[in-house]
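In what follows, every chain begins at residue 1, and chains take the letters A, B, ... in the order their sequences are listed.
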Protein chains: 2
Amino acid sequence: MADAGSPFHEAPHDHHACVAAALAAADLVCRQKGARLTALRRRVLELIWSRHAPARAYDILEQLKGERGGAAPPTVYRALDFLIEHGLVHRIESLNAFVGCNDPRYGHSAQFLICRRCGTIAELEDAEVARLVRARAAALGFRVSHQTIEIAGLCPGCDAGSGDPTHAA
Amino acid sequence: MADAGSPFHEAPHDHHACVAAALAAADLVCRQKGARLTALRRRVLELIWSRHAPARAYDILEQLKGERGGAAPPTVYRALDFLIEHGLVHRIESLNAFVGCNDPRYGHSAQFLICRRCGTIAELEDAEVARLVRARAAALGFRVSHQTIEIAGLCPGCDAGSGDPTHAA
DNA sequence: GTCGTTTGGTTATAAGATAACATCAGTGCG
DNA sequence: CGCACTGATGTTATCTTATAACCAAACGAC
């Protein structure tokens with residue numbers, strides 16, 4: 001149950017299904033593109049998907065070191081470069097961290113909602129936000145190539161628990 | 001300030017006036033808040049305003065080292081912390097760099113247009129963009145505390161010079 | 001003046017990322 | 001098979017960005 005109504009995955013859910021779906025989508029995308037999703041790259045993607053929160057490169061590295069010899073920073077960053085290049089992973093600039101893409105099948109302009117309390121991140125693909133930004137830029141003669149939109153705040157669960165009576169149970 | 005019609009400052013303009021205005025505004029804001037804009041902090045702000053492009057911490061540090069003894073990373077980062085805390089400077093997450101705030105007199109949600117060719121950055125304060133983002137987040141039960149919106153692309157000048165007369169994608 | 005607070009100096013190190021070169025695995029082909 | 005070619009990974013070193021911890025100087029209040 002991946003909570004189809006909300007991009008948040010706070011409550012306990014069948015996370016194994018999330019990971020499996022992400023890996024299957026990655027297999028498909030890479031096969032279609034002729035890109036080689038090697039064991040290493042696949043494992044890095046799986047580690048990134050281990051939680052619905054951004055993963056840091058050196059945390060991934062620690063995991064890899066425990067699993068295989070000779071993992072060093074370039075090992076991780078090269079895998080990340082590949083995954084980002086093929087749209088399987090997004091870089092979160094405000095956290096120097098990485099999160100799996102919800103829908104890697106086609107390019108999109110995403111927005112991220114990042115809970116500053118529990119770290120949960122939700123990916124939106126709000127076309128209206130993307131379009132408004134592009135329109136405002138175009139009105140100034142600016143040609144957009146990439147949008148970085150990262151919104152910090154409190155996710156529904158953490159906001160409800162933060163003592164605000166209007167949100168309390 | 002120069003070029004009131006566009007947030008871009010590509011063409012030659014009276015940049016000394018930009019810097020003077022920014023420093024005067026900073027003096028005013030700090031006086032009103034009772035914050036101490038020391039010589040060091042003022043100088044760091046001035047260095048950040050030296051161009052309409054983001055300044056990196058270690059570049060500022062190099063400048064300071066040449067001007068005064070005993071400048072070290074904490075010297076710069078503490079000044080930056082102060083300037084950011086008082087809304088005089090914005091951090092650009094996607095560049096690990098810092099840019100002067102166009103209007104430090106009150107808090108706002110800004111958006112940045114960053115030219116990937118010449119490095120020029122323009123700060124927008126588009127209330128509609130900010131409001132739409134907040135609305136979309138609120139619809140999901142997310143309480144926004146900070147928006148990071150950094151748009152990469154080509155500024156009007158660099159786009160015009162990029163050899164594509166039709167501006168087609 | 002002197003007390004307490006803020007600011008800045010100093011040293012060391014943590015965290016994030018890349019450069020450069022070596023080696024290994026797969027593939028095509030004679 | 002043996003070789004060359006290519007892409008992927010291993011390896012070492014280094015670079016960039018940022019912070020921790022502690023000390024000394026400057027400032028403002030009284």
Student: Quick one: closest heavy-atom pair of B:L37 and B:C30, and the distance?
Tutor: CB-SG, 3.9 Å
Student: Please enumerate all residues that pass side-chain contact (heavy atoms from CB on, under 4.5 Å) together with A:L140, with sequence neighbours excluded.
Tutor: B:P7, B:F8, B:L113, B:L124
Student: Rounded to whole angstroms, how far apart are CG on A:L61 and C1' on C:dG16?
Tutor: 11 Å
Student: Does A:I151 offer a backbone N or O that forms a donor-acceptor pair with the side chain of A:Q111 under 3.5 Å?
Tutor: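 Side chain of A:Q111 to backbone of A:I151, a donor-acceptor pair under 3.5 Å: no, none is there.
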Student: Less than 3.5 Å apart, which donor and acceptor atoms pair up between the side chains of residues 76-90 of chain B and the rest of the protein, not counting sequence neighbours?
Tutor:
residue: B:H86; atom: ND1; partner: B:F82; partner atom: O; Å: 2.9
residue: B:H90; atom: NE2; partner: B:H108; partner atom: NE2; Å: 3.4
residue: B:H90; atom: NE2; partner: B:E123; partner atom: OE2; Å: 3.0

Student: I need the minimum non-hydrogen distance between A:S94 and B:E93, along with the two atoms involved.
Tutor: CA-OE1, 3.6 Å
Student: For every nucleotide of nucleotides 5-18 of chain D, 5' to 3': is a protein heavy atom under 4.0 Å from its base (B), only from its sugar-phosphate (S), or from neither (-)?
Tutor: --SSBBBB----BB
